[in-house]
Amino acid sequence: ETESQSQLNTWHGYVDWKNRPAITNKHGGLLAASFVLVVEVLENLAYLANASNLVLYMSEYMHFSPSKSANSVTNFMGTAFLLALLGGFLSDAFCTTYYIYLISALIEFLGLVVLTIQARSGSLKPPTCDLQAAPNVPCEQVHGAQAAMLFIGLYLVALGVGGIKGSLPPHGAEQFDETTPQGRKQRSTFFNYFVFCLSFGALIAVTFVVWVEDNKGWQWGFGISTFAIFLSIPIFLAGSSFYRNKIPCGSPLTTISKVLIAALVNSGVSRNSTSVIVSMTSSPSPPIPAGKEGGEDSNRKGVGSIHTPSTSLSFLNRAVSDTPACSALECSVQQVEEVKIVMKILPIFACTIMLNCCLAQLSTFSVQQAASMNTKVGSLKVPPASLPVFPVVFIMILAPVYDHFIIPFARRVTKTEMGISHLQRIGIGLFLSIVAMAIAALVEIKRKGVVTDSGLIDSAKPLPITFFWIAFQYLFLGSADLFVLAGLLEFCFSEAPVSMRSLATSLSWASLAIGYYLSSVIVSIVNRVTGISTNKPWLAGSNLNHYHLERFYWLMCILSALNFMHYLFWATKYKYTSVKSSK
């Protein structure tokens with residue numbers, strides 16, 4: 001009896017930081033997750049304080065051309081977010097999210113130390129060139145060992161950021177007991193506040209740190225980032241005794257590839273469909289490894305108790321066979337079902353890439369637009385680099401309002417536990433992005449009108465129009481970002497099979513990365529096509545007033561609308577796997 005007592009009080013499939021079984025009322029819960037939220041503020045501050053001003057650092061101190069420095073920054077950000085997939089994969093396969101976070105934070109810390117040392121000492125940078133004093137001495141672009149130092153530092157940071165982004169959200173979400181409605185509600189709140197903290201870190205980065213960098217010197221900016229990451233490690237460790245960590249279940253990618261290969265091989269072997277059906281019904285129910293997955297948990301997901309595979313995506317059912325082509329390809333029904341779930345999440349993930357593509361425009365064109373407008377508020381002059389303050393503040397206001405007012409209201413109206421389902425949230429976000437792009441186009445038309453009226457086409461003087469007009473597109477894209485990012489993180493986490501959770505959650509970050517890459521691809525395609533047809537590309541030259549930016553925004557608007565239709569097609573077909581949370 002004592003053994004069953006101890007069984008009842010431990011979380012199944014979870015351990016504490018010393019690898020002992022996690023105890024129900026001692027480990028996990030809101031307190032454990034709140035450490036994660038504080039760490040996220042510091043982590044995003046460190047990452048963004050760098051990224052937001054990196055373009056200037058690259059061009060002024062490392063002497064890259066403006067387009068080259070912009071490219072290397074988007075490459076850096078894209079790489080950082082794509083590496084989140086690696087972080088998520090490792091947290092699922094080999095180590096717990098707890099260790100992946102600590103290792104990644106140390107790697108990022110190392111990278112930032114390298115960058116700080118380089119920014120502080122003149123001998124490690126290319127010689128400063130003064131165009132006024134010596135106009136015929138060309139600026140020397142960074143090369144050789146100095147360039148190596150710069151890129152080693154940057155990509156260590158990218159690797160660290162990727163690991164953190166891939167392990168921190170699932171680590172926080174794992175703290176909640178998803179078998180109870182209260183646990184699931186708390187988890188939903190956690191994802192909202194995760195985006196809130198992410199924005200809070202960003203707010204400090206784009207105001208305070210940017211100001212320090214502009215007024216006190218670059219090395220201070222890197223210094224603050226280094227300090228923030230350094231500080232986040234003891235804070236994260238302080239929560240050690242409260243965390244429950246999911247035991248890694250081996251590599252999710254091997255399961256996925258094994259099922260796909262087995263389905264292909266077996267379909268080649270047994271063209272006779274009757275034998276396939278017979279072998280399905282006679283196949284024994286999959287054994288559930290006691291240590292890896294709790295019996296109750298798999299039953300709740302409705303996977304462990306299945307003897308025959310479901311009918312959707314039936315081509316994968318061929319992977320379950322009594323006579324596998326070779327023993328390595330033997331798949332249980334449970335593995336096949338898990339792969340099906342992942343296959344169904346992928347189109348939803350693909351539909352969010354377009355939104356991130358629109359968001360990438362905010363950090364480039366919208367800032368340039370605002371820079372040409374009147375940026376005075378009273379007597380205060382706002383630096384264009386601080387413009388991202390708008391979406392960030394909107395998200396910080398929206399997240400609590402959404403969580404404490406909109407969701408409870410929706411729960412009362414719809415009589416469901418979720419109130420607004422994950423897919424509805426993502427849909428709302430994608431719809432808002434269409435509106436945002438249309439508003440962006442209209443504002444640009446208005447700005448162009450002011451340019452022609454005031455005759456300031458080729459002058460660098462600020463236009464007689466306030467930059468608050470730009471705030472509208474920021475407002476809509478900021479709220480779209482909140483809905484989609486929080487919705488997608490939670491959707492991927494709660495739908496994915498337990499063994500692939502961190503990997504699925506890091507898809508949300510990969511969507512950001514692909515959006516960044518795609519946005520630069522779209523810009524160059526637009527320029528090439530319009531350059532051939534009208535001899536003058538829409539988005540080229542040094543003067544924004546000669547750009548056809550409004551046409552580009554309309555294009556993005558149409559693409560977003562098409563993407564929204566595409567999304568509706570997949571979302572209406574999608575059936576939730578975690579049956580309880582959708583009912």
Pairing residues for [X] by the side-chain contact (heavy atoms from CB on, under 4.5 Å) criterion, not counting sequence neighbours:
| X | value |
| --- | --- |
| Ser520 | none |
| Ser34 | Leu31 |
| Val342 | Ile256, Pro497, Met500 |

Geometric class of the Phe176/Phe190 ring pair [parallel <30°, tilted 30-60°, perpendicular >60°]: tilted
Candidate pair Lys165 and Glu40, rule salt bridge (Lys or Arg N to Asp or Glu O under 4.0 Å), full reasoning: CA-CA 9 Å; Lys165 297 282 190 221; Glu40 177 53 33; 3.7 Å; yes
Heavy-atom side-chain contact between [X] and [Y] under 4.5 Å:
| X | Y | value |
| --- | --- | --- |
| Ser91 | Pro170 | no |
| Phe405 | Pro400 | no |
| Ile348 | Tyr567 | yes |
| Arg425 | Glu490 | yes |
| Val161 | Leu83 | no |
| Tyr402 | Ile420 | yes |
| Ile224 | Leu45 | yes |
| Ile345 | Phe491 | yes |

Quick one: does [X]'s side chain have a donor or acceptor within less than 3.5 Å of a partner on [Y]'s backbone?
| X | Y | value |
| --- | --- | --- |
| Lys573 | Lys344 | no |
| Arg411 | Glu417 | yes |
| Ser511 | Leu507 | no |
| Asp92 | Leu503 | yes |

Could you tell me the separation between the [atom1] atom of [X] and the [atom2] atom of [Y], rounded to the nearest 0.5 Å?
| X | Y | atom1 | atom2 | value |
| --- | --- | --- | --- | --- |
| Leu86 | Phe89 | CG | CZ | 8.0 Å |
| Met77 | Tyr517 | CE | OH | 11.0 Å |
| Leu568 | Leu423 | CG | CG | 10.5 Å |
| Gln182 | Leu30 | CD | CG | 8.0 Å |
| Leu154 | Leu115 | CG | CG | 5.0 Å |
| Trp509 | Cys492 | CH2 | SG | 11.5 Å |

Kindly check if the number of other-residue, nucleotide or ligand heavy atoms within 6.0 Å of [atom1] ([X]) is above 12?
| X | atom1 | value |
| --- | --- | --- |
| Tyr155 | OH | yes |
| Phe230 | CZ | no |
| Phe431 | CZ | no |

What residues form a ring pair (Phe, Tyr, Trp, His ring centres under 6.0 Å) with [X], not counting sequence neighbours?
| X | result |
| --- | --- |
| Phe35 | Phe242 |
| Phe191 | none |
| Phe349 | none |

Looking only at non-hydrogen atoms, find the nearest pair between [X] and [Y] and report the distance.
| X | Y | answer |
| --- | --- | --- |
| Pro391 | Gly478 | CB-CA, 4.1 Å |
| Gly427 | Phe564 | O-CE1, 3.3 Å |
| Ser506 | Gly88 | OG-CA, 3.8 Å |
| Ser433 | Leu355 | CB-CD1, 3.2 Å |
| Leu430 | Thr352 | CD2-CA, 4.4 Å |
| Phe94 | Pro248 | O-CG, 3.5 Å |

Evaluation steps, side chain to side chain contact (heavy atoms under 4.5 Å, CB included), between Ile522 and Cys357: CA-CA 9 Å; Ile522 290 181; Cys357 207; 3.7 Å; yes
Chi angles and distances behind the side chain to side chain contact (heavy atoms under 4.5 Å, CB included) call for Leu359, Tyr516: CA-CA 8 Å; Leu359 278 172; Tyr516 268 109; over 6 Å; no
With sequence neighbours excluded, residues passing salt bridge (charged side-chain N to carboxylate O under 4.0 Å, His left out) with Glu174: none
Partner set under salt bridge (charged side-chain N to carboxylate O under 4.0 Å, His left out) for Lys185, not counting sequence neighbours: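 Lys185: no salt bridge (charged side-chain N to carboxylate O under 4.0 Å, His left out) contacts found.
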NZ or CZ of Arg501 within 45° of Phe493 ring axis and under 6.0 Å: yes
Intermediate values then yes/no, side chain to side chain contact (heavy atoms under 4.5 Å, CB included), Ile204 and Leu48: CA-CA 9 Å; Ile204 304 171; Leu48 258 184; over 6 Å; no
Test of ring centre spacing under 6.0 Å for Phe236 and His171: yes
Qualifying residues under side-chain hydrogen bond (donor to acceptor under 3.5 Å, both in side chains), relative to Thr254, sequence neighbours excluded: Ser251
Those residues that, when tested against Ser240, pass side-chain hydrogen bond (donor to acceptor under 3.5 Å, both in side chains) (two or more places apart): Tyr98
Hey, can you pull the donor-acceptor pairs under 3.5 Å for the side chains in residues 194-203, sequence neighbours left out?
unit_1 : atom_1 : unit_2 : atom_2 : d
Ser199 : OG     : Val195 : O      : 2.9

Counting only pairs under 3.5 Å, give me each side-chain donor-acceptor contact of residues 99-110, with atom names and distances, residues two or more places apart or in other chains.
unit_1 : atom_1 : unit_2 : atom_2 : d
Tyr101 : OH     : Ser232 : OG     : 2.9
Ser104 : OG     : Ile100 : O      : 2.7

Full working for side chain to side chain contact (heavy atoms under 4.5 Å, CB included) between Cys95 and Leu90: CA-CA 6 Å; Cys95 318; Leu90 292 175; 5.7 Å; no
Residue pair Glu178, Ser494: steps toward the side-chain hydrogen bond (donor to acceptor under 3.5 Å, both in side chains) verdict: CA-CA 9 Å; Glu178 58 171 6; Ser494 56; over 6 Å; no
